[in-house]
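The structure appears below as structure tokens.
Since the model is a prediction, treat every value here as computed from it, not as a measurement. In listed order, ligands and their atoms are each counted from 1.
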Amino acid sequence: MTSPPPVDGLLLGIETSCDETAAAVVTATGQVRSTVVSSQVDLHAAYGGVVPEIAGRAHLELLPAVLSAALEGAGLSRSAPGLAAVAATSGPGLIGSLLVGLSEAKALALAWEVPFVAVNHLEGHLFAALLDHSALDRPSLRWPVVVALVSGGHSLIVSMEGPGRYRLLGQTLDDAAGEAFDKVARFLGLGYPGGPAIEAAAAAGDPTAFPFPRALLADGLDLSFSGLKTAVLRAVEARPDASNEDVAASFQQAVVDVLVAKVVRGALEVGAGGLCLAGGVAANGPLRTAVLRAGGDLGIPVYLPSRAMCTDNASMIAAAGWWQLEHLGPSPLDTPADPNLHLRLLP
Ligand code: KG4
Ligand code: ZN
């Protein structure tokens, strides 16, 4: 298959797969001209998690202002922005949420007579670290890069052989890492979203206070977090006087140990030229520190996205959209929203 010729200009990315309403304008070389993320955290906090119906309605209300702010931030007019293309997340995610951003992107592409690109949210996360480091253009980058893609809905260990070239090395057999953070935080009464709340509590705790299990630590590249979550519940039932800080720190350390072990094993298995973290859990400070140390021990570079680039945003969708537009061409306007969309893997 011959690739379409490179396209110049600016691409608008839209992300509405879960509870962040986001839009960004990015150049073909990965420069972020504007990025706007409107979080719905306050709307969902009272329920202890994302309520799909509320999320969909909130995207509808928030998206027009988010879009205007992103276009204005890039110095573009809403009526005729002169963009090269419009990209949006088509899955995976919540169906009602996905539909809002996807329909808007298609409508704008039609109105502005520019190509439309449907982007996989997981692929967006994979582009995030490399976008932040402009590593995609860096001659020193040696593929494959092994990525722990750890978010609220997914936990994958991926060997990235280049943009668009992914091999799945392992994945969670039950809960996602972020889901475990959210559930344990809710159980400890630390609030939502759980990741930042656990990290904050853990900072004042002893990570060795509870010997929580490290599931599948010495076993392949798959992950499992549901036993860990249950172990936390049992430990707190057995010791109701235990400090939240110690429980949070011990839980967090167990997750970090497992993720670092898997990334290192994956890197050794494929002879990786780099390590990388992606997804909301990649914002976790102790995880970032531990992966940096592991990369140092292995003598290979570590590509860490900024914390803002780890959690859901539209810059990563625009960056993945650019790559797709240039290498695979535009997407059909009847591309459906797919809540269970899988990462496109190498055969
Ligand atoms: O990638 P993301 O923004 O949305 C999904 O695609 O799921 O990830 C959200 C997840 C939530 O489970 C949240 O608790 C977790 O990422 N998270 C963190 C941190 N910040 C967000 N987990 C651990 N430590 C953090 N600092
Ligand atoms: Zn995400």
Side-chain angles (χ1 to χ4, degrees), residues 13-22 24 35 37-41 44-45 48-50 52 55 59 88-94 97-98 101 119-129 131 147-156 158 172 175-188 190-203 205 207 225 228-229 248-249 251-260 276-291 304-317 319-320 339-341 343:
I14 299 176
E15 156 62 37
T16 63
S17 67
C18 190
D19 62 341
E20 319 282 0
T21 313
T35 180
V37 180
S38 177
S39 173
Q40 303 175 9
V41 161
H44 301 285
V50 178
H59 284 306
T89 305
S90 64
L94 302 169
S97 294
L98 288 167
V119 174
N120 183 311
H121 181 80
L122 299 173
E123 187 161 22
H125 274 305
L126 291 177
F127 268 77
L131 169 70
V147 191
L149 200 180
V150 275
S151 70
H154 298 85
S155 290
L156 313 173
V158 176
T172 184
D175 292 351
E179 195 181 348
F181 270 95
D182 293 336
K183 286 179 177 169
V184 167
R186 197 181 317 163
F187 174 69
L188 296 178
L190 294 174
Y192 167 85
I198 294 263
E199 183 176 351
F225 296 106
L228 170 60
K229 177 192 65 191
F251 161 79
Q252 180 177 258
Q253 192 60 51
V255 176
V256 168
D257 286 354
V258 168
L259 289 176
V260 172
C276 179
L277 290 174
V281 179
N284 185 269
L287 175 62
R288 298 166 74 87
T289 306
V291 170
L304 292 182
S306 65
R307 286 179 177 229
M309 193 61 91
C310 293
T311 46
D312 289 349
N313 66 84
S315 307
M316 67 185 197
I317 300 303
N340 302 311
L341 190 63
L343 197 60

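- In terms of protein heavy-atom proximity, atom 22 (N) of ligand 1 is closest to G195 CA, 3.3 Å.
- To the nearest 0.5 Å, the span separating CD on E179 from CZ on F225 amounts to 10.5 Å.
- When only modelled atom types and interatomic distance are considered, E15 and S17 share a side-chain donor-acceptor pair under 3.5 Å.
- One distance of note links CG of L122 with CG of L156; it measures 6.0 Å at 0.5 Å rounding.
- Distances shorter than 4.0 angstrom do not occur between any heavy atom of Q252 and any atom of ligand 1.
- Taken to the nearest 0.5 Å, the NE2 atom of H59 stands 8.5 Å off from the CD atom of E20.
- Using modelled atom types, no side-chain atom of S155 and backbone atom of V150 make a donor-acceptor pair closer than 3.5 Å.
- Nearest protein heavy-atom contact of atom 9 (C) of ligand 1 is G152 N, 3.7 Å.
- Atom numbering of ligand 1 starts at 1 in the shown order; those under 4.0 Å from a heavy atom of G178 are 12 (O).
- Counting protein heavy atoms only, atom 13 (C) of ligand 1 is closest to D182 OD1, 3.8 Å.
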*Could you please spell out the steps behind the side chain to side chain contact (heavy atoms under 4.5 Å, CB included) verdict for V255 and N284?*
CA-CA 11 Å; V255 176; N284 185 269; over 6 Å; no
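- For D312, the N, O or S atom with the smallest separation from the Zn ion (ligand 2) is OD1.
- Close to ligand 1: G194, with a non-hydrogen atom less than 4.0 angstrom away.
- D182 places a side-chain N or O within 3.5 Å of a backbone atom of G194 that can act as its donor or acceptor partner.
- With hydrogens and angles ignored, the 3.5 Å screen pairs no side-chain donor or acceptor of T89 with any backbone N or O of H121.
- With hydrogens left out, the protein atom closest to atom 26 (N) of ligand 1 is E199 OE1, 2.8 Å, a heavy atom.
- For atom 8 (O) of ligand 1, the nearest protein heavy atom (residue, atom name, distance) is G280 CA, 3.3 Å.
- In this structure, R288 does not pair ionically with E199, as no charged nitrogen and carboxylate oxygen lie closer than 4.0 Å.
- Distance CG/N120 to CZ/F127: 11.0 Å, rounded to 0.5 Å.
- Set against the non-hydrogen atoms of G153, the atoms of ligand 1 under 4.0 Å away are 7 (O).
- Nearest heavy-atom pair, V50 versus C18, reported as atom, atom and distance to 0.1 Å: CG2-SG, 4.1 Å.
- Closest protein heavy atom to atom 24 (N) of ligand 1: N284 ND2, 3.1 Å.
- In terms of protein heavy-atom proximity, atom 4 (O) of ligand 1 is closest to D312 OD2, 3.0 Å.
- Residue-level check: among N/O/S atoms of H121, NE2 sits closest to the Zn ion (ligand 2).
- Residue contacts with ligand 1 for H154 are absent, since no atom lies close enough (heavy atoms, distance under 4.0 Å).
- Near H121, meaning under 4.0 Å from any of its heavy atoms, are these atoms of ligand 1: 6 (O).
- Under 4.0 angstrom from ligand 1, the non-hydrogen atoms of H125 all belong to its side chain.
- Residue side and main chain included, H125 places an N/O/S atom under 2.8 Å of the Zn ion (ligand 2).
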